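Predicted model, so just to flag it, every value in this text is computed and none were measured. Order of the sequence lines sets the chain letters (A, B, ...), proteins ahead of strands, with each chain counted from 1.
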Number of protein chains: 2
Amino acid sequence: MRRTISTPTLSDVAEVAGVSTATVSRCLNAPDRVQEATRRRVMAAVQQLGYSPNFGARVLAEGRTRTVGAIIPTMENAIFSRGIQAFQEELRDHGLTLLIASSSYRPEIEEEQIRALVGRGAEGLLLIGFQRSAGIRDFLRAQNVPALVAWAYEADAPQVCVGFDNQAAMAALAQEVIARGHRRLALISADPAVNDRAAARIRGLRAAMTAAGLDPETLALEPTDASLDAGGLAFRRLWEKTQRPTVVLCGTDVLAAGALTMAHEMGVDVPRAVSITGFADLDLARITRPPLTTMHLPHRRMGREAARMLVRMMAGDPVESLKLDCEMVLRGTLAGPP
Amino acid sequence: MRRTISTPTLSDVAEVAGVSTATVSRCLNAPDRVQEATRRRVMAAVQQLGYSPNFGARVLAEGRTRTVGAIIPTMENAIFSRGIQAFQEELRDHGLTLLIASSSYRPEIEEEQIRALVGRGAEGLLLIGFQRSAGIRDFLRAQNVPALVAWAYEADAPQVCVGFDNQAAMAALAQEVIARGHRRLALISADPAVNDRAAARIRGLRAAMTAAGLDPETLALEPTDASLDAGGLAFRRLWEKTQRPTVVLCGTDVLAAGALTMAHEMGVDVPRAVSITGFADLDLARITRPPLTTMHLPHRRMGREAARMLVRMMAGDPVESLKLDCEMVLRGTLAGPP
């Protein structure tokens with residue numbers, strides 16, 4: 001007798017084949033791990049019922065894709081990779097698959113990728129920082145796809161966010177630097193025009209200078225690309241100025257490692273001739289000589305918290321923004337002025 | 001007069017609105033960058049023609065998603081990030097969007113992600129290394145989705161691949177090490193059971209020992225995780241052996257940087273007390289002190305070539321595997337035995 005079922009389910013297949021639903025699932029997803037006789041019985045039931053194991057049909061049936069998207073500015077900076085890896089691991093514990101895109105720090109590419117991920121069924125998005133057009137925010141609202149901003153925290157942000165107070169963290173680091181007696185400060189930073197985390201760090205540094213009675217206009221600011229080599233070239237430009245800085249703060253550990261490597265190559269002793277500080281406490285902060293004084297950002301914890309928050313947002317639950325604490329790590333690249 | 005078109009295209013909308021197709025596209029994708037009057041005219045044409053700008057409809061109309069998937073073992077290792085970034089940039093020049101997943105070096109997660117990416121419309125896949133089940137290879141064949149194996153090259157591989165000859169590259173490095181007089185060799189390596197690139201490097205090292213008249217059984221092999229800390233702990237285990245190695249080769253720069261950092265912490269002078277070598281020539285190979293002797297792998301070039309090959313495979317053109325040359329980079333961590 002042929003049963004008639006409008007939308008046959010996995011359970012229907014299991015019942016007809018006389019096996020568990022887990023076995024049916026295994027037959028469909030890992031047939032080489034199922035005994036041949038079982039596989040044949042299940043496949044016969046699939047055919048008899050007209051069950052469609054294909055993903056699209058499953059999505060239609062369940063109305064869910066169980067897919068989350070994340071868009072990061074670049075694959076090449078470890079400042080994103082550790083947190084994203086933790087984000088993915090936590091999502092997986094909730095049965096969700098993560099698809100990642102990388103925007104090369106270009107807002108128009110990020111917009112394309114947001115549309116592509118939503119078009120491909122992403123039910124929630126992780127985005128870095130707050131900078132994006134009103135048009136794409138409207139698009140996300142219209143599509144009813146929750147988006148969590150990560151790697152940045154602002155108390156009065158209109159969107160839910162999880163991250164660090166970049167401004168306060170850089171201010172704390174600058175305060176320590178100034179307390180060591182430094183008065184001629186330089187900062188190697190990503191371009192604040194396309195990176196709101198960089199902009200917040202610059203504000204924090206200037207605020208600390210003002211609070212300490214220094215003129216924030218005396219800050220030697222070197223905006224540059226995010227790469228190791230760019231950090232090195234920026235350091236050389238600073239060192240060629242007539243008024244050399246006594247400390248070079250850097251917006252990321254990558255820039256700081258680049259600056260330190262260039263200092264070595266130029267024969268400039270760190271920290272005796274100049275101090276250098278990083279920001280993030282990535283692995284590479286520990287492998288330079290001397291190791292970097294930097295601000296530790298809890299990237300793994302942020303990734304895990306971000307996943308939990310986004311899961312709640314996707315379930316329609318109310319979620320509040322979360323600020324994570326940073327911790328100063330004093331290592332060998334910071335000393336008093338020469 | 002209402003035109004009747006069975007499947008209205010972007011060009012139809014442009015014609016009716018009296019604007020270029022680029023302007024129509026901008027209205028749909030970045031409306032805030034178009035003048036309001038233009039936007040209204042285009043939107044009226046969209047409504048009149050019944051043109052559907054939504055992604056799903058576009059996919060149905062064109063029969064294409066213009067999406068490529070890549071699955072890498074981890075986000076956290078720079079050995080993948082640089083090549084994937086270049087892969088994405090080249091794909092973008094071909095009008096393709098890349099979605100990335102990370103499998104945590106677990107074959108069963110990679111299988112899930114392959115199915116998810118194909119289910120989400122990926123028209124081609126980039127996969128790392130050759131190790132995966134017959135079931136998932138059958139699945140890809142049945143779905144008619146071309147998959148390119150990257151980061152690995154084997155002359156007799158049944159699948160199209162692009163990468164380095166890991167075996168030959170490690171053999172060349174080992175040859176140099178042995179020529180410097182080293183006889184007690186150790187290797188810190190990823191687990192060859194789940195990483196066929198690591199397995200190939202081990203074979204290359206043993207082959208070089210045999211060719212030089214050394215017993216490959218004397219190689220002190222320390223399999224470990226891929227992290228910096230794991231490299232350090234493996235170095236410490238090697239250093240605690242009664243018969244210490246005079247050189248510690250490492251399967252990646254990350255492991256080598258970890259070993260070098262641990263050596264510093266233990267007060268072991270590199271290269272006077274022991275030599276250390278890396279593999280890949282990532283940025284971090286230049287920031288350690290001394291900088292790492294390593295094997296340069298052209299990751300950016302591989303990413304670009306992989307994109308071009310996959311585009312041809314997706315077009316149904318015949319594609320041959322491509323081997324890229326590696327280059328030894330001699331820096332400060334390699335000297336003769338103490």
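Note on Glu76(A) versus Arg300(B): salt bridge recorded, some NZ/NE/NH1/NH2 to OD/OE distance being below 4.0 Å. Ionic pairing of Glu112(B) and Arg92(A) is present here: one or more N-O contacts between side-chain nitrogen and carboxylate oxygen are shorter than 4.0 angstrom.
Considering only heavy-atom pairs separated by less than 4.5 Å from chain B, the leading option among Ser81(A), Ser102(A), Gly121(A), Ala257(A) is Ser102(A).
For Thr97(B), the part lying under 4.5 angstrom from a heavy atom of chain A is the side chain only. In this structure, the portions of Ala101(B) lying under 4.5 Å from any heavy atom of chain A include both its backbone and its side chain. The part of Ile72(B) that comes within reach of chain A is its side chain, from C-beta onward, which places non-hydrogen atoms under 4.5 angstrom from that chain.
The closest side-chain heavy-atom distance from Arg120(A) to Leu117(B) is not below 4.5 Å. Looking only at side-chain heavy atoms (C-beta outward), Leu99(A) and Ile100(B) stay at 4.5 Å or farther from each other.
A donor-acceptor pair shorter than 3.5 Å cannot be found between the side chains of Gln88(A) and Ser104(B).
Counting only distance, with no hydrogens or angles, the side chain of Gln85(A) and the backbone of Met75(B) share a donor-acceptor pair below 3.5 Å.
Just one residue in the list Leu282(B), Asp283(B), Leu284(B) forms a side chain to side chain contact (heavy atoms under 4.5 Å, CB included) with Leu228(A), and that residue is Asp283(B).
Here Glu89(A) contributes atom CD and Ile109(B) contributes atom CD1; the two are 8.5 Å apart, rounded to the nearest 0.5 Å.
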